[in-house]
Amino acid sequence: MPVTVLLVDDEPLVRAGLRAVLEAQPDIEVVGEAGDGAAAIPLVRQLRPDVVAMDVRMPLMDGIEATRVVLRTVPEPPKILVVTTFENDEYVYEALRAGADGFLLKRARPAEIVHAVRLVAEGESLLFPAAVRQLAAEYGTSKARRVMERASLTEREEGVLRLMARGLSNAEIAARLMVGVETVKTHVSAVLAKLGARDRTQAVIAAYESGFVAPS
């Protein structure tokens with residue numbers, strides 16, 4: 001089955017460009033488009049896409065609020081890929097904190113766009129660029145530090161979280177630690193549960209905000 005994608009951007013030319021790039025792939029299908037976050041929400045419920053490519057800055061409802069609403073109200077919500085012009089945009093960071101799963105620059109090359117959609121759809125690694133890591137570190141909070149302390153991660157879980165923060169997939173972590181992929185999945189699940197994180201992105205944000213991992 002192809003990866004289904006909903007495009008959400010207030011610029012028709014951007015949507016057209018993304019559609020052309022993605023529909024050239026045999027394993028990706030664009031199932032719909034919306035010009036703002038408010039219009040995207042009913043389409044998510046209707047079309048049930050695997051991935052929503054979500055612009056951050058839009059009229060009526062921006063991508064941050066649209067992300068929150070989708071994740072809060074849609075059963076089995078899609079993966080959300082933030083699409084933006086500026087990599088150090090604080091809106092991007094807020095969207096990731098709201099629950100978005102990855103990040104893509106509008107000026108990305110076609111191969112990078114396709115890779116981003118596939119990566120987010122798989123859900124086993126992150127698109128978390130250096131600029132966003134720096135923002136997370138700068139937004140560090142005492143609450144994040146307390147959460148990390150209370151989590152009491154084991155030494156192996158700490159190692160897995162550090163590799164997750166570097167964007168490695170489960171298979172890449174398994175190869176690095178010389179263990180099976182299923183073992184890595186077990187450790188990842190334990191990390192998410194202990195941190196109270198919805199997904200890998202939220203766990204990595206907690207790691208940077210708490211100072212557990214420093215931006216490189």
Side-chain angles (χ1 to χ4, degrees), residues 1-129 131-132 135 167 169 198-202 205:
M1 296 292 292
V3 174
T4 56
V5 181
L6 174 66
L7 304 176
V8 185
D9 196 295
D10 61 328
E11 299 181 34
L13 285 177
V14 172
R15 298 199 306 270
L18 289 172
R19 178 181 282 274
V21 168
L22 296 174
E23 290 197 331
Q25 306 302 312
D27 61 333
I28 299 176
E29 178 185 0
V30 176
V31 293
E33 299 183 14
D36 66 79
I41 295 167
L43 286 179
V44 170
R45 296 191 181 108
Q46 174 190 346
L47 300 173
R48 308 295 297 170
D50 299 312
V51 176
V52 177
M54 181 85 76
D55 188 17
V56 175
R57 297 174 181 263
M58 295 181 289
L60 300 182
M61 181 184 288
D62 64 27
I64 301 170
E65 183 59 24
T67 295
R68 291 193 184 106
V69 173
V70 166
L71 296 180
R72 187 174 64 244
T73 65
V74 176
E76 299 182 8
K79 302 293 184 180
I80 297 181
L81 177 63
V82 176
V83 183
T84 188
T85 304
F86 306 107
E87 63 183 333
N88 60 348
D89 190 343
E90 291 184 10
Y91 277 75
V92 173
Y93 177 61
E94 289 301 326
L96 290 171
R97 289 189 75 187
D101 299 279
F103 166 98
L104 177 68
L105 288 172
K106 290 185 180 181
R107 65 174 181 271
R109 294 172 296 180
E112 293 172 332
I113 295 170
V114 171
H115 174 68
V117 168
R118 289 174 177 154
L119 195 65
V120 167
E122 291 168 1
E124 290 194 353
S125 50
L126 295 178
L127 293 165
F128 206 80
V132 178
L135 282 174
S169 68
R198 186 182 71 86
D199 55 24
R200 297 169 81 98
T201 301
Q202 303 305 301
I205 286 175

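Throughout, numbering of the chain's residues begins at 1 and tracks the sequence. Quantities reported herein were computed from a predicted structural model and do not represent experimental measurements.
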Rounding to 0.5 Å, atoms CG (D36) and CE (M54) come to a distance of 10.0 Å
Which residue is it: L60, V56, D55? I am looking for the one with a side chain to side chain contact (heavy atoms under 4.5 Å, CB included) to M58. D55
Contact summary for I64 and A98, nearest pair of heavy atoms: O-CB, 4.1 Å
Contacts of R118 meeting side chain to side chain donor-acceptor pair (under 3.5 Å) (sequence neighbours excluded), chain-then-number -> Q25, D27
Looking only at atom types and distance, does a side-chain atom of T201 sit under 3.5 Å from a main-chain N or O of D101, one as donor and one as acceptor? yes
I'd like to know if the side chain of R15 reaches the main chain of E33, judged simply by a donor and an acceptor atom lying under 3.5 Å from each other, with no hydrogens or angles considered. no
Scanning both residues in full, the closest heavy-atom pair of E29 with P2 reads OE1-CG, 3.8 Å
For a quick test of your reading: what N or O donor-acceptor pairs under 3.5 Å do the side chains of residues 71-82 make, sequence neighbours left out?
{"residue": "T73", "atom": "OG1", "partner": "R45", "partner atom": "NH2", "Å": "3.0"}
{"residue": "T73", "atom": "OG1", "partner": "V69", "partner atom": "O", "Å": "2.7"}

Return yes if some donor-acceptor pair links the side-chain N/O of T4 with the main-chain N/O of D50 below 3.5 Å, else return no. yes
List the atom of P110, the atom of V21, and the distance in Å for their closest heavy-atom pair. O-CG1, 3.7 Å
How close do T67 and G99 get, counting heavy atoms only, and between which atoms? CG2-C, 4.1 Å
Would you give the length of the straight line joining atom NZ of K106 to atom OG1 of T85, rounded to the nearest 0.5 angstrom? 4.5 Å
Which heavy-atom pair separates D10 from P12 by the least distance, and what is that distance? O-CD, 3.4 Å
Pairwise distance CD1(I41) to CG(L6) - rounded to 0.5 angstrom: 11.0 Å
Locate the shortest heavy-atom distance separating Q202 from R97; write the atom from each residue and the value. OE1-O, 3.2 Å
CD (E11) and CZ (R57) are apart, to the nearest 0.5 Å, by 12.5 Å
